[in-house]
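Reviewing the structure listed below.
Everything quoted here is computed from the prediction, not taken from an experiment. To find a chain, count down the sequence lines: A is the first, B the second, and so on, and within it residues start at 1. No hydrogens, no waters, no symmetry mates; every other heavy atom, side chains included, goes into these values.
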Amino acid sequence: MFPTRRNSTGSWNDWERRTALFGSRLTTSFAAELRPGSPRGTVPFTPMRWSNFHTPTLRDAPADAEAASHRLLIRGGFIRQLHAGHYSMLPLGWRVFRKVAEIIREEMDAIDGQEFQLPTMHPASLWKKSGRWEVMGDEMFRVTDRKGAENALGMTEEEVFAHLAQEVTSYKALPQIWYQMHTKFRDEPRPKSGLLRVREFTMKDAYSLDLDQAGLDTAFDKHHAAYIAMFDRMGLPAVPVDASSGAMGGSGSTEFMVPSPAGEDDVVICSNCDYAANIERATSTLPEVTDRGIPELERFPTPGVRTIKALEEIDGGAPAEHQIKTMVMVLDGQVTLALLRGDHQLNLQKLLDTSGAIDLRPATPEEAHENLGAMPGSLGAVGVEELRIIADHSLLGRSGLTTGANEDDWHYTGVSVERDIAVDEWADLREVSIGEACPMCSTPIEIVRCIEAGHIFKLGTKYAEAMGATVLDPEGTQHPIVMGSYGIGVERAIATIVETHHDDAGMIWPTSVAPFEAVITIVSVKDEASVAGAEALYAELTQRGVDVIIDDRDARAGVKFADAELIGIPHRVTFGPKAFADGEVEYTPRATAETERVSILAIADRLVETISVDR
RNA sequence: CGGGCAGUGGCGCAGGUUGGUAGCGCGCCUCGUUCGGGACGAGGAGGUCGUGGGUUCAAAUCCCGCCUGCCCGACCA
């Protein structure tokens, strides 16, 4: 089986000895010997023969897949869709999953997190206690059992952890960090982009328990650091940004955003200072506007004028920044007016956040007419008493403005907000635009499309109060536990890594999360010498804890190269008959595709070294 | 929830308007020749045409319902 040719360097014996030493283990079939475990962690990875590995790679991606990660994960045989928003993890995908999960686990454990595993079907009563049985609306899957009892499929687990926290009764037991990695269900209105937006997924959700706000701040900072470490280890360039807390409630939250065109969030970033915020929260500094000196409120006819733009252009009209835009919105069934400057856009999330509403939609033209007496295009808030009016800060103190008169084809001019409009609340409703001044340093801001890869919240006492989770302090006073909540989606992280690590040929996994760290490609399975050499290296790398696959398929070299590149294994060693006869193999990093010849004697050390650094 | 598009072997698609026993490429199996960047030849296997009903002598094709998937939209009064 081994080459018998003479070796001029005299070092062949060494090679042969290695072959004998490690090659023999392959015939023993003891699983334990084939699973030496990774030197860095606890995930045992089985070395693999490609000839026996289920990796259904495709030449063509499904025609309807658009996101790069979606196409590549399907083509590479990592995932398959079962139905909309539900994916099966194939062996390749699952290997990546386990590595990503293990990184998350290690970083959670490093901040003293304790791992749990909770049910994912919960009694409705628990969610009714916190009020989220209603708040979550259609996004929560609900299941009725044979007895007619209502259940929720967990979307997140504040309720269950807070319920368990009832057994924490003394300040001496705090702080605690509890977490799990488990399936979550969300009935997304529109699952899309492969693993990026799904209805069933795995989330690492963590919850901190503290005596007071200061403790929560510490726990929050620890998680912030842990998240930075996680994303760094999985190769994701995640940016922490100020975010809306949405349905979670609480006093503050930070999202970890990865710039990508496949994302669904817009993030405002300052190129000069640290300012970064989700567009749902972002603000900017506006230039001063000098009011036009129109002291008297006056109605004037505006036949056919229905838009801000048209009102700018007619005689007696006004530039957009001197108009009031009146948006008629329905908040939890209540018709509400949201007022903005004419040239500004309403951000719906801001309106939701400031109003505390659960559900929000624009009013129909009929509803607008019913409540204000005119159709859209001629609406305004002057003299409106019975409706809730929320106005954007940019209108504060303004006068000489133009707005609809609540009669079709009529507008007001000379409106003083303070004098003429009964504003109930002032709020930040305006969506910032690209190029406006950074609120911290006045540099023009940028807006970047991002994937939300993680989100951490300061919850406060809401859930502890709902569940009755309290502790006694040193003075014997009872306090609700102060909680934080910290989430990261495993599948989304995987997809995001692909979005940010691929080229025309396929994926380029960071070694830390690659399905295999190295692939040994046998160019010709008929060439006994190079096959033996490849087998020996396979055995040695396995023994030395490298997660390796050997491509021993009886296939053409081109097919093997293409598959290895598609699947994105970061390190490739090619055993070709000619080079091997010269005592050499080829080493090709996936990222650079620069092939270099390496002596068969040096390749194992070289790989072990490189891979250890990359991990 | 509104609008659009689409369901035909494992994947990608044609056929449909003009009803007449289902076809192409890739993949898969066998044999041979090949063998360092997705080989070639020959021979094969594999399809309730999403589903239920209707029209008809006859339906992938025409009609109605349903299911499923994909894309866009769901603030700019």
Next on the checklist: Mind checking if Ala593(A) touches a base, just sugar-phosphate, or nothing, with heavy atoms under 4.0 Å?
Outcome noted: nothing
Item to check | Options G69(B), G37(B), G38(B), nucleotide nearest the side-chain atoms of Asp563(A) | outcome: G38(B)
Next on the checklist: Over all strands shown, is Leu340(A) touching base, sugar-phosphate only, or nothing at heavy-atom distances under 4.0 angstrom?
Outcome noted: nothing
Checklist outcome for this item: The nucleotide from A39(B), G36(B), G69(B) with an atom nearest the side chain of Arg556(A) is A39(B)
Checklist entry - Does C70(B) have a Watson-Crick or wobble partner in any strand here, with both distances under 3.5 angstrom, and which is it? => result G4(B)
Item to check | Spacing of the P atoms in U17(B) and A39(B) (rounded, Å) | outcome: 39 Å
Next on the checklist: Can you measure Gln81(A) atom CD to G12(B) atom C1' for me and round it to whole angstrom units?
Outcome noted: 16 Å
Checklist entry - So which nucleotide from C75(B), C71(B), G37(B) ends up closest to the side chain of Lys192(A)? => result C71(B)
Item to check | Integer angstrom distance from the P of C11(B) to that of G50(B) | outcome: 14 Å
Next on the checklist: Using a heavy-atom cut-off of 4.0 Å across all strands, would you classify Leu348(A) as base, sugar-phosphate, or nothing?
Outcome noted: sugar-phosphate
Checklist outcome for this item: Of Leu360(A) and Gly85(A), the one whose closest nucleotide on RNA chain B sits nearer the 5' end is Gly85(A)
Item to check | Complementary nucleotide for G9(B) - Watson-Crick or wobble, under 3.5 Å | outcome: none
Next on the checklist: Within the 4.0 Å heavy-atom criterion, would you say His83(A) contacts the bases, only the backbone, or no part of the nucleic acid?
Outcome noted: sugar-phosphate
Checklist entry - With a non-hydrogen cut-off below 4.0 angstrom, is Ala562(A) in contact with a base, only sugar-phosphate, or nothing? => result base
Next on the checklist: Without decimals, in angstroms, what is the distance between Glu264(A) CD and C71(B) P?
Outcome noted: 10 Å
Item to check | G37(B) and G32(B), which share atom name C1', separated by this distance in whole Å | outcome: 24 Å
Next on the checklist: For the backbone of Ser51(A) and the side chain of Asp552(A), can you confirm whether one donor and one acceptor N or O come within less than 3.5 Å of each other?
Outcome noted: yes
Item to check | G46(B) - base-pair partner by Watson-Crick or wobble geometry, distances under 3.5 Å | outcome: none
Next on the checklist: Determine whether a donor-acceptor pair (one donor, one acceptor, N or O, separation below 3.5 Å) exists between the side chain of Glu565(A) and the base of G37(B).
Outcome noted: yes
Checklist entry - How close or far is atom P of G69(B) from atom OH of Tyr87(A), stated in whole angstroms? => result 10 Å
Checklist entry - Could you walk me through whether Leu153(A) and Arg199(A) pass the side chain to side chain contact (heavy atoms under 4.5 Å, CB included) check? => result CA-CA 11 Å; Leu153(A) 292 186; Arg199(A) 304 203 304 172; over 6 Å; no
Next on the checklist: Strictly distance-based, threshold 3.5 Å: is any side-chain N or O of Asn406(A) a donor or acceptor partner for the main-chain N or O of Gly380(A)?
Outcome noted: yes
Item to check | Integer angstrom distance from the C1' of U30(B) to that of G19(B) | outcome: 39 Å
Checklist entry - To the nearest angstrom, how far is Leu58(A) atom CG from C13(B) atom P? => result 12 Å
Checklist entry - Would Asp392(A) and Arg398(A) satisfy salt bridge (Lys or Arg N to Asp or Glu O under 4.0 Å), going step by step from the backbone distance to the final call? => result CA-CA 11 Å; Asp392(A) 183 71; Arg398(A) 295 289 311 280; over 6 Å; no
Next on the checklist: OP1 or OP2 of G12(B) versus the side-chain N and O atoms of Arg59(A): is any pair under 4.0 Å?
Outcome noted: no
Checklist entry - How long is the line joining NE2 of His369(A) and P of A77(B), in whole Å? => result 18 Å
Checklist entry - Contact class for Asn347(A) vs. all strands (heavy atom < 4.0 Å): base, sugar-phosphate, or nothing? => result nothing
Item to check | Nearest-angstrom distance from the residue atom CZ of Arg553(A) to P of C28(B) | outcome: 10 Å
Checklist entry - From C75(B), C35(B), G36(B), pick the nucleotide closest to the side chain of Val523(A)? => result G36(B)
Item to check | Counterpart base for G41(B), defined by Watson-Crick or G-U wobble contacts under 3.5 Å | outcome: C31(B)
Checklist entry - Taking the same atom, C1', in G9(B) and in G47(B), what whole-Å distance lies between them? => result 5 Å
Item to check | Non-hydrogen side-chain atoms of Thr57(A) and Arg75(A) separated by less than 4.5 Å | outcome: no
Next on the checklist: Return the pairing partner of G19(B) with a 3.5 Å limit on both distances, Watson-Crick or G-U wobble; otherwise return none.
Outcome noted: none
Checklist entry - Are Thr183(A) and Glu200(A) linked by a side-chain donor-acceptor pair shorter than 3.5 Å? => result no
Item to check | Over 12 foreign heavy atoms within 6.0 Å of CD, Glu134(A) | outcome: yes
Checklist entry - On a whole-Å scale, what distance lies between the P atoms belonging to A22(B) and U48(B)? => result 12 Å
Checklist entry - Rounded to whole angstrom units, what separation is found between the OH atom of Tyr412(A) and the C1' atom of A77(B)? => result 17 Å
Next on the checklist: Taking U61(B) as the reference, what is the distance to C1(B) when you measure between their P atoms (whole Å, please)?
Outcome noted: 28 Å
Item to check | Base paired to A59(B) (Watson-Crick or G-U; both N/O distances under 3.5 angstrom) | outcome: none
Checklist entry - Expressed as a whole number of Å, how far does the P atom of G54(B) sit from that of A59(B)? => result 12 Å
Next on the checklist: Is there, by distance only and without an angle test, a donor paired with an acceptor across the side chain of Arg572(A) and the base of G37(B) below 3.5 Å?
Outcome noted: yes
Checklist outcome for this item: RNA chain B nearest-nucleotide lookup for His70(A) and Ala555(A): closer to the 5′ end is Ala555(A)
Checklist entry - Between Arg75(A) (CZ) and C26(B) (C1'), how many Å, whole number? => result 12 Å
Item to check | Ile522(A) and Tyr538(A): CA distance, side-chain angles, deciding distance, side chain to side chain contact (heavy atoms under 4.5 Å, CB included) verdict | outcome: CA-CA 11 Å; Ile522(A) 300 173; Tyr538(A) 176 56; over 6 Å; no
Checklist entry - Counting any heavy atom closer than 4.0 Å, what does Thr307(A) reach on the DNA or RNA strands: base, sugar-phosphate only, or nothing? => result sugar-phosphate
Next on the checklist: Please classify the nucleic acid contact of Arg341(A) as base, sugar-phosphate, or nothing, using heavy-atom distances under 4.0 Å.
Outcome noted: nothing
Next on the checklist: Tell me whether the side-chain N/O atoms of Gln323(A) come closer than 4.0 Å to OP1 or OP2 in A77(B).
Outcome noted: no
